[in-house]
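First the proteins, then the strands, lettered A, B, ... as listed; each starts at 1.
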Amino acid sequence: MDELLADFIAETREMLEQSGTELVAWEADPSDKARIDTIFRFVHTVKGNCGFFDFPQLERLSHAAEDALAECRAGRREPDSALVSAVLAIIDRIGAMTDAIEAGEELGGKEDDALIAALDAGGPTEIQSDVTVQHEVVDEASEDAPAKGQRQSVQRSIRLPVDLLDEVMKGVSDMVLARNDLARRLREAGEQPTIDGPFERLSAILADVRTSITRMRMQRLEHLFSSLPRLVRDLSNELGKQVMVDFEGGEVELDREMIEMVRDPLTHIIRNAIDHGIEKPVDRLKKGKREIGLMRFAARQSGNQISLLVTDDGNGIDVDRLTEKAVAAGIYSQSEIKQMSQAQKLQLIFEPGLSTAAEVSSISGRGVGMDVVRSNLERVGGSIAVSSKPGEGTSFHLQLPLTLSIIAALTVSSDGQHYALPRSYIEEIVFGSSSSVEFAEAGERRLVTFRGRRVPCISLADVLGTESNERCDWESKTLVLIRLASDDVFALAVDRVHDHEDVVVKPIAPAIMATRLYAGTTLLDDGSPMMLIDLPSIAQMRGLVGELRSKPAVIEETQDKEEKAATPVMLFAGLDGRKRAVRLELVRRIDTVYADAFDIEGERAQAVIEGRIFPLAGIEHGALPADRCRLLRLSDGESEVVYAVSEVLDAAEMTEEIVPSANDHSIEGVTLIGGKPVPLIDGHTLFQRHGVPQRGNSPLVCRLPQDSEWARTILEPLVVAAGYRIAGDAEEEADLAIALAGDTADETAGARETVRLRPDPEDTGDGSIYRYDRDGLMAVLKRVRTGRAA
Amino acid sequence: MNELLLMCTIAGRRAAIPALRVQSVLEIDTITPIPGTCAYVCGITPLRSQALTVIDCSLALGFDQPSNSPERRAAVIEHDGHTYALLVDAAEDVAQATSDPVAIPGGLGEGWQRAAIGMVETESGPVVLVDVETIIAGPPALAA
């Protein structure tokens, strides 16, 4: 919303600037029709936008001006200098309001009525009032002078042609390569402190510039996705249907320009899906579907293409009806239709002038639609494909190009050469030599079994034709498990996996494109080129992609998930070697530390990782290893605890129910994973026992009696341990003040809450707490802490 | 007439490329091969922040022998938004054409005929003026 608002402000301001000259010209000649038209358009646009953003005052002003100007345009009223002044005053006011909106200030508006009244066709007396009004506006502006200065610091935006950005981007890329070249030469020349310092600075600046330039053009797809739930909701309400939306891949970044290009086609597809595809709740129940329809949007990036899959679980496209219509509209003859394959018939949806809706609704069905969608997408170099199963749903597969894109890539090598794989497709990397991987052969096809899944396996060297399958030593390879946007999985064998990095993808020449093996090229930091592998295309050539996605499987899958609610867990072996599990959400990361990082004394156990002290759990199961130890760093969102394990085993899905254990509170219960019972660590108990609240960025402030030795040496550590900061001086505002009974009241001034401590264990009935009543004190500290958080 | 030409040697014969199309002449340092492409595409080579597609002119004309050049000189040419490096045996000089390209009765021989705009006279004798688009499109079997 904020972004939309910023757009609105930028647009209004831009129009204000443009209309500035028009206004002056209009003032010189109030009867100039062309000027009136321009200014009319301005106020009209402002009015439209205001309604959208709910700025009633702004809307009222622009509406009044629009009315008056419309009168003039229609010839019912002669524009005179009074009107000109009145409109000018309103436009000034719009400018002032825009500034106020940007700065987040109140709009004011007591003089708006006078401004509007001045528009009314009237005698010279009105002009009089108009003049004073204008005067007021000016006055207000001058009073606001300091505030204006403040507004200047507010983030401003300008619009730039994309070509210019491209040029700058290219320049920066060249600069980076020149920098790298220079860096190499400097290294060869040896240490030169006078040059190295500035050079380092130059490098850092260049890196920053590069990042910001890149960000200039890119926008996360989320921005597009965020507007869709509302659209879907409105449409489904209007049509009496219930539709749920599901998004995946919102983090994919796309050229701003491209995002705008997809918006309309996507809106069209959604309209069609809700209007024709998804059935009414009653009909859905009759068919045994859930009454709420589902629309899924999944985006993936591959090379210089974004693939966007839009799926609904509605009635599918009625092919018979489509062909009937095509014949009726005279696009194809009956005999031509007969020769078509099912897929070809489905393609008819993109023919101009066809619609399968039985009746035309206000939403869609006027026969303009998919053909426009397709031509719009093709115009920007994209493509669209459709697949549908009667009664089960439709999916549209959009491919969008990225003229300039940065993608996260995994660099691998095959036959001594480096290649990049788009990371969005990569699910997992496993070594061929791993004991959990088994190879098998079926005909000419290699298969690999991993974690109970048997997937086809191809070797990159074989795909590229540099090494044949027969000579391939599968065990020595590294397998990259690839999951395509269509949910097809296969394993790609490469010699080595090197690194992951963000690469700028550049288009490749048609002669190389013809191989259908590569999606683009990229330059590494040392200036050497590297090819980006086109995984979907390779999968297609090797026949690893199903033509139509089997829809029922997908639908069942989502239902399964709801029924069983699979929870991801991490399996590990505790220090005693027993297998245990912990909910994956709790695991922040896995650390490996040396034995000297531990500090254990009696009940208290801690570990030091990267200069921070963490409470240590899990040591009750056995002795710590002598040299190195694996630690799971668990977090409940606030505090962190490390859990010592002897081995981290695997991630798994927990689908079976948890059988709670009555005696052992350290576990939630026992569940079956892969048919074996595994105790599940109870996060609640763990953090209750070991967790200490992490010190936030703005800790609460507590004031202690300053002249008391006892408060400083005994009370202060306790208060600090509870997450408080001790107030520095008496003036500082404190969240809590602790005073000793009998102290004067001024100690506690400026604190939100006060606690008094008494030296006597006996309750004196004044709400004070005995100074060694640890539980009572902690309870107060906790209450204040949580009270503020709430 | 009076067109500037880049004089070079392709497949052992003297040839000329319209100099207006040539951005620069480059001595190629390293070529990153691209497996799976046709033989006439040698690979890619970096030029500043660009990646050039390296094309062997001799193979692109349909000859069996690749270009034989110790210096690996190439003419940098932009076509259809992509930049190519056309690898030649040698690229020596820029000369002025003293005639318009003319067709030779009886043709220029296999390979040459297809890629030639015609023959032009220069001060150092006649040369074949080649069409860069045809070279980029590759040998006849593939261009068809």
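Among residues two or more places apart in sequence or in another chain, the side chain to side chain donor-acceptor pair (under 3.5 Å) test is passed with B:T9 by B:E92. With sequence neighbours excluded, the residues that form a side chain to side chain contact (heavy atoms under 4.5 Å, CB included) with B:S58 are B:A11, B:D56, B:F63, B:S67.
Counting only residues at least two apart or in different chains, ring pair (Phe, Tyr, Trp, His ring centres under 6.0 Å) contacts with residues 77-100 of chain B are absent.
At a 4.5 Å heavy-atom cutoff, the contact between A:I512 and chain B is made by backbone and side-chain atoms alike.
Contacts from residues 12-36 of chain B to chain A, taken as heavy-atom pairs separated by less than 4.5 Å, involve B:T32, B:P33, B:I34, B:P35, B:G36 in sequence order.
Atom CE of A:M513 is separated from atom OG1 of B:T37 by 14.0 Å, given to the nearest 0.5 angstrom.
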